Structures are given as structure tokens and as C-alpha cells.
Amino acid sequence: MASPAASSVRPPRPKKEPQTLVIPKNAAEEQKLKLERLMKNPQKLDAEFQKRLEKNKIAAEEQTAKRRKKRQKLKEKKLLAKKMKLEQKKQEGPGQPKEQGSSSSAEASGTEEEEEVPSFTMGR
């Protein structure tokens, strides 16, 4: 039976340099310390860096998709409200006398194209 010391022959570990505690006073010093720490072991930095890049890219894509979905939902809601408003005007239109000629002419000429109606009137 082999002795445990003979089976695991390892070279002695190099002693680590004692690290002094440095408290960064501003953002530039903090960034400098992080960069120094990363540059101590470039091979580890490269693998970690690639993993971190991929993780950040995925997170950014998820945020973009979430915001895109929210914008699309708001756009659909706005379009639906616009259609409801036009339907309501059509229902009120035949029984009610028309008050302004400019808004009614816009409705009559652009019912299929759905021209954008201004939300305010100038000159009043």
C-alpha cells in the first residue's frame, strides 16, 4: 500500500503577496483597482470576460424584448381607443347636427384612410 505522501507529490504553492487594503476615494481609483485585479491573471480574465459579455448580452436582449412588448401594447391600446372614438362619433353623427364643418369634412373624406384628427383646436 502506498503512503499518502508518496501518491500526492505536489510542488509547493507560491506564497501570495500580502494585499494592502486600499479604499478608493473616487470612481477612477475604483476602476483602476478593478482593472489591476483583472490583469493579474489574464487567462482567467479572458474566460470570465467572455462569460460576462454573453451574460450581459442576454440580459440586454431580454430588456429590449420586454420594452418592445410594452411599446407594442401601448400602441395597440392607443389604436383601439382611436377606433372606439371613431365608432362613437359615427353612432352619434346621424342623429346629432354637426357642430363644425372642418372636423366633419375630415371624417367624411378619410374614413377608410383613418386620417389623424388633432386633439386640440387652434384659434379658440
Side-chain angles (χ1 to χ4, degrees):
M1 184 162 176
S3 66
S7 65
S8 61
V9 178
R10 292 188 201 169
R13 285 187 172 181
K15 293 187 178 182
K16 293 184 178 180
E17 298 175 13
Q19 294 181 348
T20 59
L21 179 64
V22 178
I23 300 173
K25 296 179 183 174
N26 55 29
E29 286 183 14
E30 184 177 348
Q31 193 172 24
K32 180 182 173 187
L33 289 172
K34 286 181 180 180
L35 186 61
E36 286 175 358
R37 188 190 79 213
L38 290 172
M39 293 308 289
K40 283 183 181 178
N41 190 352
Q43 275 65 31
K44 183 179 177 184
L45 163 64
D46 189 36
E48 281 186 22
F49 180 71
Q50 294 301 327
K51 287 179 186 177
R52 192 174 300 163
L53 272 182
E54 189 66 29
K55 183 179 174 184
N56 288 345
K57 186 177 180 181
I58 291 170
E61 287 174 359
E62 288 174 357
Q63 282 289 354
T64 302
K66 184 177 178 181
R67 289 180 181 148
R68 184 181 302 123
K69 184 178 177 182
K70 186 176 180 180
R71 282 193 309 268
Q72 186 66 29
K73 187 176 179 181
L74 289 173
K75 188 176 180 181
E76 289 174 2
K77 186 176 179 181
K78 188 176 180 182
L79 185 62
L80 183 62
K82 187 176 179 180
K83 285 183 180 180
M84 292 296 286
K85 188 175 181 182
L86 286 174
E87 288 293 323
Q88 190 177 25
K89 282 186 178 183
K90 284 182 183 179
Q91 289 176 358
E92 291 176 0
Q96 300 283 335
K98 296 180 180 175
E99 295 176 8
Q100 264 194 354
S102 63
S103 66
S104 63
S105 65
E107 281 184 26
S109 66
T111 54
E112 291 191 23
E113 294 181 11
E114 292 188 27
E115 292 183 18
E116 193 165 323
V117 180
S119 61
F120 59 91
T121 307
M122 297 293 289
R124 282 194 168 188

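The figures here come from the full heavy-atom set of this structure, side chains too, leaving out hydrogens, waters and symmetry mates. Just so you know, these numbers come straight off a predicted model, no measurement behind them.
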*Got a sec, which residues hit side-chain contact (heavy atoms from CB on, under 4.5 Å) with Arg52, two or more places apart in sequence or on another chain?*
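If we apply the side-chain contact (heavy atoms from CB on, under 4.5 Å) test to Arg52, skipping adjacent residues, the hits are Glu48, Asn56.
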*Qualifying residue, where the test is side-chain contact (heavy atoms from CB on, under 4.5 Å) with Lys85 and the options are Glu87, Lys89, Lys82*: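 Only one of Glu87, Lys89, Lys82 forms a side-chain contact (heavy atoms from CB on, under 4.5 Å) with Lys85, namely Lys89.
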*So, for Val22 and Leu33, which heavy atoms are closest and what is the spacing to 0.1 Å?*
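Closest approach of Val22 to Leu33, heavy atoms only: O-CD1, 3.9 Å.
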*salt bridge (Lys or Arg N to Asp or Glu O under 4.0 Å) contacts touching residues 69-81 (sequence neighbours left out)*: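 Sorted result for residues 69-81: empty, none.
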*From the options Gln31, Lys32, Met39, select the one residue that forms a side-chain contact (heavy atoms from CB on, under 4.5 Å) with Leu35.*
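Single pass found, and it is Met39.
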Pairs of donor and acceptor atoms involving the side chains of residues 23-30, under 3.5 Å and at least two apart or interchain, shall be tabulated with distances.
unit_1 : atom_1 : unit_2 : atom_2 : d
Asn26  : OD1    : Ala28  : N      : 3.3
Asn26  : OD1    : Glu29  : N      : 2.9
Glu29  : OE1    : Lys25  : N      : 3.0

_Residues which pass side-chain contact (heavy atoms from CB on, under 4.5 Å) with Leu53, listed by chain and number, not counting sequence neighbours_ =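 For Leu53 the side-chain contact (heavy atoms from CB on, under 4.5 Å) partners, ignoring immediate neighbours, are Phe49, Gln50.
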*With sequence neighbours excluded, tell me which residues meet side-chain contact (heavy atoms from CB on, under 4.5 Å) with Glu61.*
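Listed in chain order: Lys57.
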*side-chain contact (heavy atoms from CB on, under 4.5 Å) involving Glu62 - partner list, sequence neighbours excluded*: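 Only Ile58 meet the side-chain contact (heavy atoms from CB on, under 4.5 Å) criterion with Glu62.
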